[in-house]
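Okay, so here's the structure we're looking at.
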Amino acid sequence: MKQGKKITILGAGNVGATIAYALAIDAIASEIVLIDINKDKAKGEAMDIYQGTSFTRSVSVYDGEYADAKDSDIVVVTVGSARKPGQSRIDLAQGNVNIIKSVMPQVIQYAPHAVYVVVSNPVDILTYAILKVTGLPVNQVIGSGTTLDSSRLRARIADIVGLTPQNVHAYVFGEHGDSAMIPWSLTSIAGMPMTTFCEQVRREQPSFSQEELKGIEDDVRNSGAKVISLKGATYYAIGTTVRYICENILRDSGSLMTVSGLMKGQYGMEDVCLSLPCTVGASGIREFLEPPLTAEETAKLLHSAEVLKSTISSLEI
């Protein structure tokens, strides 16, 4: 009989293994299963993580087959090729869609009631593909989306104003990619609208210039590619991000985060997956919020949706 919470991770590459490690360190689940076509890699990563668990709270970490996903509360999807230096997330699309089409029907038969957290890129496209391939209820499929982008944004703003990221509330909407947009009208610092904070606290430079805002946007948009160019891959930040998402699912917290899911009329958008503020709990996606945006911000968000729809239309899903 199953005891405690169980998370299965599909893919034991850098991202999958780092997610498993982050989950094990905090003992987010009592059972963590690593599944990979490279069985030796999955076994080695599971052994390496498990051998350090005498210094953590009790957690079982092991490798397995698709059948071992049975009774999982969460299935984390990291299968597919990783982005290479100079390659866009969209460049990965058809190859990784093909992998999703092959793998997901085999997994879904063992874990039909799990919440699926999609991490593989292009994450919005693959979140959409999983919904179409599996027929799962829309609430059960969550893309990590712009959760990491929003964290990068908060960290960048915090550096500039000299506070911790916890004092900054800022979000990235839309695609986890080049068409992502930042709704600056929603940004707050230390409980104040960003403009008010700047006027009252940033005496030497009372407000962000348009050039400075663009610089922040460029930093956030390009930070993943920069890390890849420097070290060949990104995995630590997404590892902690997915740990955070999984923790809030298992705790049924109703926490608000910018994850990717299927749009059903939000801001007039339909039949596309992208990120908006969303409450997340044990059943997955509870509700997408539609905070008021300026006309310019709305136009940028709708453009992001059209970029994704254009890519979807070019693929065989």
Side-chain angles (χ1 to χ4, degrees), residues 77-80 83 88-101 104 108 115-150 153 171-183 186 217 220-221 224 238 241-242 245 256-280 283-317:
V77 182
T78 75
V79 296
R83 189 156 60 120
S88 74
R89 295 179 182 91
I90 297 300
D91 289 339
L92 294 174
Q94 187 63 65
N96 282 355
V97 165
N98 292 343
I99 293 171
I100 289 296
K101 288 162 68 175
M104 293 310 299
I108 199 72
V115 174
Y116 285 76
V117 177
V118 188
V119 183
S120 306
N121 275 316
V123 65
D124 303 292
I125 303 296
L126 298 187
T127 301
Y128 181 87
I130 288 175
L131 283 167
K132 295 303 179 182
V133 168
T134 64
L136 283 166
V138 294
N139 62 288
Q140 283 181 236
V141 182
I142 303 175
S144 55
T146 60
T147 311
L148 175 54
D149 305 84
S150 297
L153 174 60
Y171 307 96
V172 179
F173 287 6
E175 178 197 0
H176 174 54
D178 292 340
S179 71
M181 56 82 63
I182 297 172
L186 302 179
E217 290 178 354
V220 171
R221 187 174 289 114
I238 190 61
T241 298
V242 176
I245 294 171
L256 185 75
M257 57 189 80
T258 51
V259 293
S260 182
L262 187 69
M263 296 294 101
K264 302 179 74 175
Q266 291 86 354
Y267 299 102
M269 298 180 294
E270 297 275 0
D271 199 37
V272 65
C273 289
L274 50 71
S275 291
L276 291 176
C278 173
T279 51
V280 172
S283 61
I285 292 172
R286 289 187 184 176
E287 180 185 15
F288 279 107
L289 304 185
E290 295 180 68
L293 301 176
T294 67
E296 181 182 3
E297 289 167 350
T298 301
K300 289 180 178 179
L301 178 61
L302 295 178
H303 170 70
S304 188
E306 288 305 314
V307 168
L308 288 165
K309 280 189 168 187
S310 177
T311 301
I312 289 169
S313 68
S314 71
L315 300 173
E316 295 181 12
I317 295 180

Next on the checklist: If I take atom CG from residue N96 and atom CG from residue N121, how far apart are they, to the nearest 0.5 angstrom?
Outcome noted: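 Reported to 0.5 Å precision, the distance equals 8.0 Å.
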
Which pair of heavy atoms, one from [X] and one from [Y], lies closest together, and at what distance?
X: L186; Y: P292; result: CD2-O, 3.5 Å
X: I317; Y: Y128; result: CD1-CD2, 3.9 Å
X: F173; Y: P291; result: CZ-CG, 4.1 Å

Checklist entry - Is a donor on one side and an acceptor on the other found under 3.5 Å between the side chain of E287 and the backbone of I285? => result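 Not confirmed, E287 side chain does not pair with I285 backbone.
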
Checklist entry - Distance-only, no hydrogens or angles: does the E290 side chain make a donor-acceptor pair with backbone N or O of Y267 under 3.5 Å? => result yes

Item to check | Side chain to side chain, L153 and T146, heavy atoms closer than 4.5 Å | outcome: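 A side-chain contact under 4.5 Å is absent here.
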
Item to check | Contact check, side chains of P122 and T311, non-hydrogen atoms, under 4.5 Å | outcome: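 No, side chains not in contact.
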
Item to check | side chain to side chain donor-acceptor pair (under 3.5 Å) involving S179 - partner list, sequence neighbours excluded | outcome: E175, S304

Item to check | Counterpart residues, salt bridge (charged side-chain N to carboxylate O under 4.0 Å, His left out), relative to E296 (two or more places apart) | outcome: K300

Checklist entry - Among all residues two or more places apart in sequence or in another chain, which pass the salt bridge (charged side-chain N to carboxylate O under 4.0 Å, His left out) test with K101? => result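 Expected list: none.
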
Item to check | Test log, rule side chain to side chain contact (heavy atoms under 4.5 Å, CB included), inputs I100 and V77 | outcome: CA-CA 9 Å; I100 289 296; V77 182; 3.9 Å; yes

